[in-house]
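Encoded as structure tokens, the structure appears first; notes follow it.
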Protein chains: 4
Amino acid sequence: MAKPLVLLKPAPQKRDRIFTPEAYARLLKRFDVVDYEAHPDEADFARRLPSAFAVVGQPDLDTDSLQSAASLKAIINVEGNFFPNVDYATAFARGVRVLGCGTAYSQAVAEYSLALALDAARGITRADRNTRSGSTAIVSATTSDSILLRRANVGLIGYGNLGRSLHALLAPFHNRVRVYDPWLPASIIEDAGAVPSSLEDTLAHSTFVFVFATATAESEHLLDGAKLDLLPDGARLILVSRAAVVDYEALLERLRAHRFHAAIDVWPTEPIPADSEFLTLPNVIISAHRAGGIPEAFHSIGDMVCDDLELMTQGLPPARLQSAAPELITRYRNKPVG
Amino acid sequence: MAKPLVLLKPAPQKRDRIFTPEAYARLLKRFDVVDYEAHPDEADFARRLPSAFAVVGQPDLDTDSLQSAASLKAIINVEGNFFPNVDYATAFARGVRVLGCGTAYSQAVAEYSLALALDAARGITRADRNTRSGSTAIVSATTSDSILLRRANVGLIGYGNLGRSLHALLAPFHNRVRVYDPWLPASIIEDAGAVPSSLEDTLAHSTFVFVFATATAESEHLLDGAKLDLLPDGARLILVSRAAVVDYEALLERLRAHRFHAAIDVWPTEPIPADSEFLTLPNVIISAHRAGGIPEAFHSIGDMVCDDLELMTQGLPPARLQSAAPELITRYRNKPVG
Amino acid sequence: MAKPLVLLKPAPQKRDRIFTPEAYARLLKRFDVVDYEAHPDEADFARRLPSAFAVVGQPDLDTDSLQSAASLKAIINVEGNFFPNVDYATAFARGVRVLGCGTAYSQAVAEYSLALALDAARGITRADRNTRSGSTAIVSATTSDSILLRRANVGLIGYGNLGRSLHALLAPFHNRVRVYDPWLPASIIEDAGAVPSSLEDTLAHSTFVFVFATATAESEHLLDGAKLDLLPDGARLILVSRAAVVDYEALLERLRAHRFHAAIDVWPTEPIPADSEFLTLPNVIISAHRAGGIPEAFHSIGDMVCDDLELMTQGLPPARLQSAAPELITRYRNKPVG
Amino acid sequence: MAKPLVLLKPAPQKRDRIFTPEAYARLLKRFDVVDYEAHPDEADFARRLPSAFAVVGQPDLDTDSLQSAASLKAIINVEGNFFPNVDYATAFARGVRVLGCGTAYSQAVAEYSLALALDAARGITRADRNTRSGSTAIVSATTSDSILLRRANVGLIGYGNLGRSLHALLAPFHNRVRVYDPWLPASIIEDAGAVPSSLEDTLAHSTFVFVFATATAESEHLLDGAKLDLLPDGARLILVSRAAVVDYEALLERLRAHRFHAAIDVWPTEPIPADSEFLTLPNVIISAHRAGGIPEAFHSIGDMVCDDLELMTQGLPPARLQSAAPELITRYRNKPVG
């Protein structure tokens, strides 16, 4: 009996970054895989689409293509952001699962965010830099602005996969956690043991603020100067997602004035320009979009693809990748990871 | 009615570092306090000792002094290490509580240790340094050695206050935790959900190793070259306590060869000599004895002193400071914090 | 502007059981609600369906009805089980959300299951019964078969909402948890800190076994005599869902022989026949389908309906009710709760 | 070389209840053990005491005896309560460790207390009783007073070993926990994530109240009628320790009037008199002092004795048994477990 057909077009993701050799062998064992990474033959792809069980990647799929795809059960986005080159409405109407791999990065981003918060709380990166540069300041001078995370007020801007994963890591710290997420009812936040709050209250009452907001038309410059002014003196602002939600000019101005500390992983222009003033500030941890993209996260994408395609061949729903919400899929304004 | 007498000689600790104004006012409200910080009048101290309820600090207290101290209920060490200038045996025999403030630092050290581990796992400090120096390396090049803490093998060398506090913070990471502590029976470690192990197994099977060992005659150079060679390639070694337990020459040699990563907070010579080769290594996070001494930790000492002295005036046992173990008090070989 | 139209046909669920007065007032404030509970007017329902925003309940909805329902965004099942009186395929093809309220019961069932397990571990119900009947047996006689849950081997048969909710409650008990769930890949179970296992291993190595399996054609009598024989002597078997997965004749035989203990909440015939031998056994806790149906659970259904309908009117996806999986919706063989 | 001498007089505890055969063999391997259980030869005991390393049990030890005990390092109470037949002051002055085994019961009591609370919340024991008696009441009639533990207000009266062990089990329930403990400063309770409260506030604001108070002169009838009247209607009162702190007449009166529910494990007269009206009440779970005394708890005492005696022969402090507080040892008014 023929194996189900999988069309592999992972660009801009790379096949060998997401599939370990073992995972790829596992995929080949159960599926006929046509790999277009090396040879992006559009005509061949169009010819095979009608008999494909799944497409892995995010190639252009217009209405006609999808209507031709009589056997298609899944379109698996392995890059992390949904772009408008697919006619999602037709996919949904035809019962094709549109699956995203966002959860692959959640743990990596959550651990990184916690690391940034603790580092900003204690000045670890700054002290390493200063000591290497010859500082022999006495300890109490280098720790005078150090604070504990335990029992601190914490704010989460956005409570999707990233916010929830970070929240789980905070459990032993007994924080009071405020959450702002306009896409969720208060009950979900309360049941998770946090306090549903307005954006203003979250900023004004939190010593540690984690920004995990999705970029949409509504969230652009959500954190402008007026909002940043709500932060308590000496707050720690952890920016991991997305640059578009912050006004970086306003942010720079406040950091320059030492109003608070920041750890920043996302930037309006990447790579960070060499002359960026942020690079000169002592109260900032500089990180160049490193929170999610680590080997274990990438490899988990390949494993998730194998797991879920195998479930789907048994007539079961996918269990690891996330089904995209039809209501949201066209609202995201994310840029692809370079 | 006269208030109980407290003799305050906190040196080398400082009074205002451990007592907030509120805490000191609270102390004064309930106790007659004679503060010898500014005026270290030995004769006055000796004259008042017989009527003292408690001594806060670690002044010389020989057998005769203690036998004269008819009302003494507590000697409260506010510095963190017990030195042999007190006749502890006589204190114990007379029912005087010998109390230590080690737990004041536990949370600060635990949070710092977790921060160092996550930073070493993800190269945060290194990347900040490199980016500030102009590196625009692509992300995947800077994260190729990044690893998750989740489900990693973790080893704890020493399971006292520090080890337990750190262990509590690891709960959400679902690690397999091996513990080496020769002062504890296996059952205590098992009941805490960890695996009691030999030093060798702990080193050989742990990706993250936290060193929290007390300095004693037996633990000197516990981690010599042969032991360090047991660490897996690419391990993360977090040294927060005590320098004496590690052979730094052997450590330097292995770090120079990029055998593993380290985050180091304690040093055989402090301040770290400006020409130390450690300061030049990319796979090390340099920290100059900063793990415990932060304002919240210092202030908690004063709060603990107030809490426990108040309990003791009610005939209750102290609840926050730790009663020194007579069996161990003469075995410590720690150096005072500068 | 007109409010969106909601057609309310909750039978066999009752309106006032799921909506508190506050919740119902909230629903009326945002929606035009036509309540068919008292007046089940089929013609009126058919007439209004084309302009309905949502149907709350599980009335018959065939292909034609659904095709007429041009504005329909959601069919909200408030009873707990999906029945074949709805043409789900057409609903999915038209982009209508089919939402279930199963999570409303999860916490109630999880707490109840833990209660049953601890009760079975310690003989609480049995001892209450015996003491009320005049027994003055010495304590050690009544506790000789008592066991701790801490660090015990635990097996979960089924790892959906119920299994996961129970698993969360076990965290402080440091168990080794084995999970059998044929609908999930091993990775999901491992990431949750449990051990993916076969049914046989789960039964053979677990002192506490929780049955949360869904009734399907495949799971009928999953736990037959041969499987039950795998349980260790003195095991505690907690049956909360679903009776169809167990061979009760085989179960009775083993309980009669005191092979293990059981706490049973689901029964092949409900109410439990008065002459059931189960009612006479000392090593059984008798519970008559009480695990989920408590006021807080019922009321949470109404709250979830309000929360999610409000989100959907804003163009957001539902966040509390669960979207039914097209792959599974026709496989369930559950009976309605009486 | 001679093995250290251990004198074993565990009465009223029994040797084979606390030592498994393995534990006793382990004890014999490292120590010369003289077992007085079968042959309580007082003269022999007095003759050997001067060379004894440890006494296991609670025999009479007056000043002279203790002064004769030149090698004595530990008196290990294996019963659970300290009685005034030992001159503790002399023991402390001579540096003899006075060790208690209370922690052996903590987990057993904590699990039992949680079981009682969940059972009282859901009417499990009551429903089992009624169903066995022929009731076929519909489910919603038997669950109308059922409540969840999740996010409920919880009060702990007493925060020693028992209170802390129970608190740990509550972590997944996200409760607001108030603690009343007059022997502790507020900071300890706050650091544990709970709210330090007066007795009155704890009672008035808690749906679940756990009583873990020690019996002292001060705590007698701490919970009298006026205090019990503070409980919210429908509260669940869990009494596990100690009967002396409650006025049972006042309690009975309120339970008879269905003001709240109770689960009671300790009684002013034990065994519970056959004609006690408590035995007839539907809103009470009857338990006859069963919370702690289970095989695993008893056996852990023997294991703790072995662990700590072995540590002490190495010059290390005991790590599992608890050193009695000189300040408290004469304040307890507990009765021995029968």
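The sequence lines fix the lettering, A, B, ..., with proteins before strands; numbering per chain opens at 1. These figures come from a predicted structure and were not determined experimentally.
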Which one of [options] has the most heavy-atom pairs closer than 4.5 Å to chain D?
options                                : answer
C:Ile294, C:Val284, C:Leu279, C:Leu149 : C:Ile294
C:Ile124, C:Leu170, C:Asp145, C:Thr136 : C:Ile124
C:Ile147, C:Thr142, C:Ile285           : C:Thr142

>> Tell me if a side-chain donor or acceptor on C:Thr143 pairs with a main-chain N or O of D:Gly293 at a distance below 3.5 Å.
In response: yes
>> How long is the straight-line distance from CZ of D:Arg132 back to CD1 of C:Ile286, given to the nearest 0.5 Å?
In response: 5.0 Å
> How long is the span from the CG atom in C:Asp128 to the CZ atom in D:Arg129, to the nearest 0.5 Å?
Replying inline: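 That separation rounds to 5.0 Å.
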> What part of C:Ala108 is in contact with chain D, defined as an atom under 4.5 angstrom from a non-hydrogen atom: side chain, backbone, both or neither?
Replying inline: both
> At a heavy-atom separation under 4.5 Å, does C:Thr131 approach chain D through its side chain, its backbone, both, or neither?
Replying inline: both
> Looking only at heavy atoms, which two atoms of C:Gly292 and D:Arg122 are closest? And how far apart?
Replying inline: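 Smallest interatomic distance, heavy atoms only, reads N-NH2, 4.5 Å.
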> If you look at every heavy atom in C:Pro295 and D:Ser146, which pair is closest and at what distance?
Replying inline: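 In terms of heavy atoms, the two residues are closest at CD-O, 3.9 Å.
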> Would you find more than 12 non-hydrogen atoms of other residues, nucleotides or ligands less than 6.0 Å from D:Arg254 atom CZ?
Replying inline: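 Buried by this count: over 12 neighbours within 6.0 Å.
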What part of [X] gets within 4.5 angstrom of chain C, counting heavy atoms only: side chain, backbone, both, or neither?
X        : value
D:Pro172 : both
D:Ala291 : backbone
D:Ile264 : neither
D:Thr280 : backbone

> For chain C, which residues from residues 112-119 of chain D have at least one heavy atom closer than 4.5 Å to it?
Replying inline: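 If one takes a 4.5 Å heavy-atom cut-off, the residues of residues 112-119 of chain D near chain C are D:Tyr112, D:Leu114, D:Ala115, D:Leu116, D:Leu118, D:Asp119.
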>> Is there a side-chain contact between D:Glu296 and C:Arg150 in this structure, where contact means two heavy atoms from C-beta onward sitting under 4.5 Å apart?
In response: no
